[in-house]
Number of protein chains: 2
Amino acid sequence: MDQRQALAAFGALSQETRLHIIRMLVVSGPDGMAAGSIAEKAEVSPSNVSFHLKELERSGLITQQRESRSIIYTANYEALGGLIRFLMEDCCGGNAEICAPAAAVAACCAPATKEELQ
Amino acid sequence: MDQRQALAAFGALSQETRLHIIRMLVVSGPDGMAAGSIAEKAEVSPSNVSFHLKELERSGLITQQRESRSIIYTANYEALGGLIRFLMEDCCGGNAEICAPAAAVAACCAPATKEELQ
DNA sequence: TCAACTATTCAAGGATTATTGAAATATGGA
DNA sequence: TCCATATTTCAATAATCCTTGAATAGTTGA
């Protein structure tokens with residue numbers, strides 16, 4: 001993740017509807033969600049959700065694939081991880097204290113297995 | 001960090017000059033930088049840097065304090081950590097794979113002591 | 001092929017954000 | 001007090017982004 005991509009990703013996440021969409025897609029996992037379902041749950045018009053999905057895709061944070069009549073959108077976990085990494089690597093330039101709270105979250109997350117999560 | 005703060009922070013980071021400023025302030029540590037030095041290093045006009053600094057402060061990512069004629073700006077490490085945490089906590093809702101790359105960065109950062117960094 | 005379904009694209013307008021240069025404010029020293 | 005320094009504020013303009021509704025495009029089943 002370079003600065004150009006990070007700027008696009010931060011821009012994508014800085015809008016209420018898009019942040020809402022990303023959070024839904026992260027929760028929905030690899031199955032993703034159809035554009036229509038996203039519009040319904042986020043309570044925005046089809047054309048508006050389409051605008052924001054395009055913006056999110058341009059930033060690399062989500063991907064799309066057609067499935068019959070629907071277009072399924074999925075969170076790009078690699079890009080999200082890369083963004084976190086981009087923020088954290090900066091802080092590693094001499095200032096461990098920024099990373100400490102994030103490391104605590106990571107610690108509660110990374111060791112979890114599928115069994116533990118159920 | 002709630003959604004409202006996260007939106008403001010993402011918005012603040014989504015602009016080239018501001019991202020540049022944040023990265024400089026993170027590197028400069030607790031000493032911070034005067035507004036004039038920031039303007040000079042970022043190669044923007046005083047009034048423009050002032051506009052962006054105000055925006056960054058509004059988002060909570062930096063703080064200011066006057067020191068003689070200068071106004072010193074400092075990165076708010078807690079807010080930056082909180083933002084990373086906000087991104088990561090979302091992913092912890094069932095999807096450890098997002099956190100994995102970030103956890104790796106955290107691991108290389110968190111155990112570092114002041115002695116090790118010199 | 002036709003109709004229904006799902007979603008995107010387009011153009012217009014409104015709203016927000018960024019840049020610029022001039023004027024104003026605050027501080028410290030002669 | 002007066003001047004120089006450091007920075008902010010303001011108003012105007014330019015640029016970007018968001019929303020809306022109508023028109024368009026791909027997909028499926030009758």
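Below, chain A is the first sequence line, B the second, and so on; all start at residue 1. Predicted model, so just to flag it, every value in this text is computed and none were measured.
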Contacts under 3.5 angstrom, residues 64-73 of chain A side chains, donor-acceptor by atom type, not counting sequence neighbours:
residue : atom : partner : partner atom : Å
A:Gln64 : NE2  : A:Tyr73 : OH           : 2.9
A:Arg66 : NH1  : A:Ser68 : O            : 3.2
A:Arg66 : NH1  : A:Arg69 : O            : 3.3

Distance-only donor-acceptor pairs under 3.5 Å for side chains of residues 3-14 of chain A, two or more places apart:
residue : atom : partner : partner atom : Å
A:Gln3  : OE1  : B:Arg23 : NH1          : 3.3
A:Gln5  : OE1  : A:Asp2  : N            : 3.2
A:Ser14 : OG   : A:Gly11 : O            : 2.8

Listed pairs under 3.5 Å, donor-acceptor, residues 30-39 of chain A side chains, sequence neighbours left out:
none

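Annotation: salt bridge (Lys or Arg N to Asp or Glu O under 4.0 Å) contacts involving residues 32-48 of chain A, sequence neighbours excluded, are absent. For residues 50-59 of chain B, the set of pairs meeting the salt bridge (Lys or Arg N to Asp or Glu O under 4.0 Å) definition, not counting sequence neighbours, comprises B:Glu55-B:Arg58.
Looking at residues 10-17 of chain B, you'll see B:Gln15 sit with a heavy atom under 4.0 Å from some atom of DNA chain C. Contacts of residues 34-41 of chain B with DNA chain D (heavy atom under 4.0 Å): B:Ala34, B:Ala35, B:Gly36. For DNA chain C, the neighbouring residues in residues 48-69 of chain A, judged by any heavy atom under 4.0 Å, are A:Ser50, A:Lys54, A:Arg69.
Of all nucleotides in DNA chain D, those with any atom nearer than 4.0 Å to a heavy atom of chain B start and finish, going 5' to 3', at D:dT5 to D:dT9. Along DNA chain C, read 5' to 3', the first and last nucleotides having any atom under 4.0 Å from a heavy atom of chain B are C:dA18 to C:dG28.
Taking all atoms of both residues into account, the shortest heavy-atom contact from A:Ala42 to A:His20 is CA-CE1, 3.9 Å. Residue A:Leu83 comes nearest to A:Met1 through the heavy atom pair N-CE, 3.6 Å, listed as atom of the first residue, atom of the second, then distance. Residue A:Ser28 comes nearest to A:Leu25 through the heavy atom pair OG-O, 3.1 Å, listed as atom of the first residue, atom of the second, then distance.
Bending across the helix from C:dT1-D:dA30 to C:dA12-D:dT19, expressed as the angle between its end axes from five pairs apiece, amounts to 20° (10° rounding).
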Evaluate the criterion side-chain contact (heavy atoms from CB on, under 4.5 Å) for residue pair B:Thr74 and B:Ile62; output intermediate values, then yes/no. CA-CA 5 Å; B:Thr74 315; B:Ile62 68 176; over 6 Å; no
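Listed for the B:Asn76 side chain is no donor-acceptor partner under 3.5 Å among the backbone atoms of B:Thr63.
Transitive grouping of hydrophobic side chains (ILVMFWY, heavy atoms separated by less than 4.5 Å) brings B:Ile22 and B:Met24 into a common cluster.
Rounding to the nearest 0.5 Å gives a distance of 6.5 Å between CG of B:Leu56 and CG of B:Leu53. Atom CG of B:Leu80 sits about 7.0 Å away from atom CG of A:Leu87, to the nearest 0.5 Å.
Using a 4.5 Å cut-off on side-chain heavy atoms (C-beta onward), A:Thr17 and A:Ile21 make contact.
With sequence neighbours left out, the side chain to side chain contact (heavy atoms under 4.5 Å, CB included) criterion links B:Ser45 to B:Ser47, B:Asn48.
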